[in-house]
Each structure stands twice: as structure tokens, then as C-alpha cells.
Amino acid sequence: MLKNNPENILVCVAWPYVNGEPHLGHIAGNNLPADIFARFHRMVGNNVLMVSGSDQHGTPVTIRAKEENTSPEKIADKYHKIWSKTFQELDFSFDLYTKTGTENHKEIVQKLFISLNENGYLEEKYSEQPYSEKSQMFLSDRYIVGDCPHCNSRTKGDQCDSCGKDFEPIELKNLKSTIDDSEVTFKNTKHIYLKLPEFQKSLNEWITSKSYWRSAVKNQSLGFLSKGLIERAITRDIDWGVEVPLKNYEEKRIYVWFEAVIGYLSASIEWAKSSNNLSQNKELWKEWWINPESKHFYFQGKDNIPFHTIILPAILMGAGEYNLPYDVVANEYLNFSGKQFSKSENWAVWVSDFLKEYDSESLRYYLSSIMPESSDSDFTWDSFFDSNNNELVATFGNLVNRIQSLIKSNFNNVVPQNKNLDEIDNNMITDIKKSFESTGNFLEKRQFRNGLKEIMNLAKLGNRYIDQKEPWSTVKTNSQLASNTLWVGANLISNLGVLIAPYLPKTSVKISGMFNIKDNAPEWKYREVKAGILIENIEPLFKKIEKENKS
Ligand SMILES: [Zn+2]
């Protein structure tokens with residue numbers, strides 16, 4: 001599975017709005033699968049660039065700033081720091097995690113805006129928009145409430161909270177501004193629109209050709225297209241965001257939906273210029289973005305699909321030169337005890353709270369095993385405790401522990417000699433080698449739950465092998481048999497340490513440490529342990545958790 005010709009793999013992870021803390025839904029939805037995928041491709045030998053950042057603009061940040069009685073800048077910076085720290089604690093291997101508030105991001109967004117304009121894909125149009133005379137400002141959808149034209153319920157925005165139907169803000173009755181409680185009027189204003197209909201045909205052909213996309217992603221995208229694309233405003237009457245590079249637009253800003261998706265490109269460019277890029281070649285980002293021999297993977301939640309299968313590709317097609325997504329790996333939702341995680345209803349498990357009590361590896365393991373790849377899945381405390389105690393501790397940890405202590409007590413911590421392995425020994429070694437192929441196939445296909453199952457099946461086979469071989473008794477009757485079993489056992493552990501590396505990086509490093517292997521980035525291949533090597537004693541890899549009532 002190791003590559004002779006390394007591929008350029010760009011791993012793009014959804015940009016979170018930094019108006020609150022990360023909860024477990026964010027992690028299982030896109031960050032964790034992206035990290036597993038990036039780590040695997042590095043082990044295979046590919047050139048991986050993994051980027052993301054905080055989405056600092058947009059109304060959610062402004063609203064949060066009002067709630068906390070501070071500025072959008074302060075809110076964006078506060079939560080950017082919290083998200084960055086969380087990602088470090090969970091060992092996410094970003095090459096760069098940045099933010100949309102940088103000078104670099106502004107430059108790249110404006111550059112693409114200008115390219116689209118020069119290529120004829122932008123248009124200026126006038127429209128009536130909600131306005132507060134009292135505050136002398138235009139009101140975004142989230143700042144107005146009115147009676148739904150369909151069901152008469154009181155609702156915010158451009159979609160009814162009760163009946164779910166869409167409408168134009170101007171159709172709402174008894175409109176009020178939520179900022180100052182004043183009457184809402186409508187005022188004529190000009191904006192720049194992206195001519196999305198011009199991309200309808202090429203997007204349709206492009207998406208239809210994607211035979212390997214998850215069916216939910218493909219169907220949602222084609223469904224979106226089939227309704228017909230409409231021109232979409234790129235600019236807004238707000239003062240928090242990227243400036244519009246046009247005369248007479250000084251009071252307006254670029255809409256967040258347009259600039260945030262350009263973050264993947266701007267982050268790649270920022271990385272190439274930064275000290276994180278060890279090659280010092282500042283043009284290296286082009287290997288992923290211009291060189292056609294490159295694959296882009298976008299890890300997203302299902303609510304973000306059209307932004308990455310339609311909006312972003314349209315922007316990239318319109319601007320010219322850049323590579324389009326290869327796959328949009330969108331997950332369904334992770335629920336919490338049967339109900340959707342909700343920031344506003346405070347129905348969530350916050351990552352920072354979780355990590356105060358439990359280990360990040362236990363979390364990575366559990367979330368990988370229930371990842372919502374093809375349908376929604378459910379986080380419950382009981383199943384978390386069970387996964388830690390019955391799988392990590394009882395299967396994986398136990399296997400490592402018993403082989404280590406058998407080698408310690410019977411062979412003075414030295415890996416014994418192997419001689420004339422029997423069929424069962426050889427089958428075990430063959431199974432280990434096959435696991436690289438089978439697990440790797442699942443990881444390449446972005447089936448992370450299945451990949452983890454393969455590894456855990458190998459650990460189960462390993463436990464059964466030791467049970468069957470009973471080295472604790474053969475050591476008294478025929479010590480070569482026990483030597484062979486524990487030599488195979490040492491290889492079992494060593495290779496489980498390699499296989500588990502994309503999922504549980506800290507555990508992998510600990511296992512390498514057992515064999516005095518200092519290389520923390522093993523290659524994705526069978527790693528043989530030579531007889532005669534001294535094994536370092538390590539602490540048990542995982543701790544049993546006492547069940548407690550958390551609800
Ligand atoms: Zn309604």
C-alpha cells in the first residue's frame with residue numbers, strides 16, 4: 001500500500017463559526033474523520049496538507065458579541081483560542097489552523113472577487129432590504145421578527161421556525177427589529193451578485209460524474225441543482241467582514257458564505273509562506289491547488305453540503321486556474337441521548353468539560369466507533385463507558401498488557417527467539433500482514449468505522465491466539481513453543497501500534513516506546529520486531545472508568 005509516486009492530498013476541514021465552544025458533535029462530524037484520513041495518508045507516504053480555521057465573520061459572531069456586551073473582534077479571538085486549544089488537546093494534526101480575520105485571507109478573497117468580476121460572473125443589482133430608521137442600519141435576516149406569511153407564527157429570518165417554509169423578509173407581517181424593537185422599513189440598496197445560473201450546466205455534469213461520492217452528498221447536491229440556481233448576493237450592508245474591492249462599496253462587506261469557503265485556499269497559501277512549511281518553498285501550495293495531479297477532500301457536516309459541492313466549485317470554476325473538490329465527505333449528525341446537539345438550548349457535551357474528566361484517546365476511539373457516516377448516530381454516556389471498558393481496556397489494552405507481562409516474567413523483558421513456527425503462529429502473522437491491506441482499503445474509501453473494526457478484530461484474534469497457545473504452561477514443558485508464541489505476540493503488539501496510529505496517535509507512540517522505536521510517524525506496513533530486543537515496561541494503555549449517572 002506504500003506509494004512509489006506520492007499523491008498530493010489536500011484535507012479541508014469545515015470552518016467553525018467561533019461564537020461558542022466546540023461540542024462533541026463538531027468533533028465526530030468532521031474534524032476527527034479528517035484527522036484520521038490525513039494521518040493515514042501521511043503514513044502511506046503521500047504529500048498531505050491539512051488546513052482549516054475559525055470563521056470569524058458572520059452574524060452569529062456579531063450576535064454573540066452583543067450578548068456578551070463586547071466587540072465581534074474580541075468574541076472571534078476569544079473563541080478562536082478555545083477552538084485552537086481543543087484541537088491541540090485532541091491531537092488534530094492540522095498543518096495550519098488559522099482564521100478568516102487575517103490580512104492574507106482578505107487579500108485572497110479580494111483577488112478571487114476581482115477575477116470573477118473580470119471574467120464576467122458578477123453583477124450589480126438593486127433590491128429592497130429591511131432597514132431600521134431608529135438605528136440607521138440595514139437588518140440581516142437574523143435581526144428581524146414577524147408573522148409567517150404561511151402559518152402566522154412569530155418567526156425570525158427567511159425561514160419559518162414553526163412551519164419551516166421559506167419566504168422573503170418583505171412578506172412577513174408586523175415586522176420588528178430585534179436590535180432596537182423598532183418598526184422595520186424597506187430601503188433600496190445595491191449589491192453585487194454572483195451569477196450562479198451560468199454554472200448550472202457545468203456543475204450538473206461535474207457532480208453527475210462523481211460516481212464515488214456518498215449517495216446522500218450526491219443526491220442532495222443534484223436536488224439543489226434541479227430547483228435551478230439563482231443569482232446570489234455576495235455583499236451585505238454590514239461593517240463586520242472583508243471589505244469589497246470596488247469603489248462606492250466602502251460601507252459594505254463581503255457576505256460570509258462567499259468568503260469562508262475561500263479559506264481553504266487562503267489557508268494553504270498562508271501555510272506555504274509560514275514556518276510550518278519546512279521546505280521554505282513559498283509557492284508549494286500550488287502543488288495542491290494548481291497541479292492537476294492532486295486530490296481535495298472536504299470534511300463537512302450534512303448542512304454544509306451545497307456550499308462545497310455547488311458554491312465553492314462555482315467560485316473556483318469562475319476564477320479559473322484552481323482545482324475542484326475530489327470528494328466532499330459529509331457526515332450525518334451525532335445526537336446526544338436521542339436529541340440533536342444544540343448550542344442555543346445548551347443540549348451538548350462540551351469538549352473542554354469532557355477532557356477534564358476523561359482521556360482524549362478514549363474519546364477519539366468512541367467517536368470513531370459511532371461516527372455518523374451513513375445515518376445519524378447517538379452519543380450516550382453508558383455506551384461511552386462500555387466502549388472504553390469493554391473494548392479499549394478489555395480487548396486492546398488487555399492484549400498488550402498480558403503479552404508484555406508474559407515476556408517480562410518468563411523472558412526477563414527480552415523478546416524471545418522464534419524457531420520453527422507452527423501453522424497457527426504463521427497464520428497469526430499472516431493475519432497481521434493482511435490487516436494493513438484491509439484496514440487501509442477502508443481508510444482510503446473514508447469508511448472509518450469499518451477501518452476501526454478491522455483493527456479491533458485483529459486484537460480479538462490476538463487474544464484468542466494467546467488463549468489457545470497458553471504460553472504460561474508451555475514455558476514449563478517446551479520453552480521454544482512459549483518463545484514462538486511470545487515472539488508472535490510481540491509482533492502483534494508492535495503492528496497494532498502501527499495500525500491504530502491514525503485513530504489513537506498517543507497510544508501508537510506509547511507502543512513504539514515499548515520497543516524503543518523513536519520514530520513517531522511509522523510507515524503503513526508490517527513492522528517486524530527482532531528477537532533479542534529489550535522491552536520497556538509501560539503503564540497500562542487505558543484506564544477502566546467507573547460508570548456514573550451523568551444525566
Ligand atoms: Zn410558518
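First listed ligand is number 1; within each ligand, the first listed atom is number 1.
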Can you list every salt bridge (charged side-chain N to carboxylate O under 4.0 Å, His left out) pair that touches residues 253-269, not counting sequence neighbours?
none
Listing request: all salt bridge (charged side-chain N to carboxylate O under 4.0 Å, His left out) pairs with a residue in residues 61-72, at least two apart in sequence or in separate chains.
R64-E68, E68-K78
Within the 2.8 Å cut-off the protein N, O or S neighbours of the Zn ion (ligand 1) are C148 SG, C151 SG, C160 SG, C163 SG
With D237 as partner, the option from K187, K252, K190 fulfilling salt bridge (charged side-chain N to carboxylate O under 4.0 Å, His left out) is K252
Counting only pairs under 3.5 Å, give me each side-chain donor-acceptor contact of residues 23-30, with atom names and distances, residues two or more places apart or in other chains.
from : atom 1 : to  : atom 2 : distance (Å)
H23  : ND1    : G25 : N      : 3.0
H26  : ND1    : H23 : N      : 3.0

If we ignore angles and hydrogens, is there a donor and acceptor under 3.5 Å between the side chains of N331 and R214?
yes
For K85, is the NZ atom crowded, meaning more than 12 foreign heavy atoms sit under 6.0 Å from it?
no
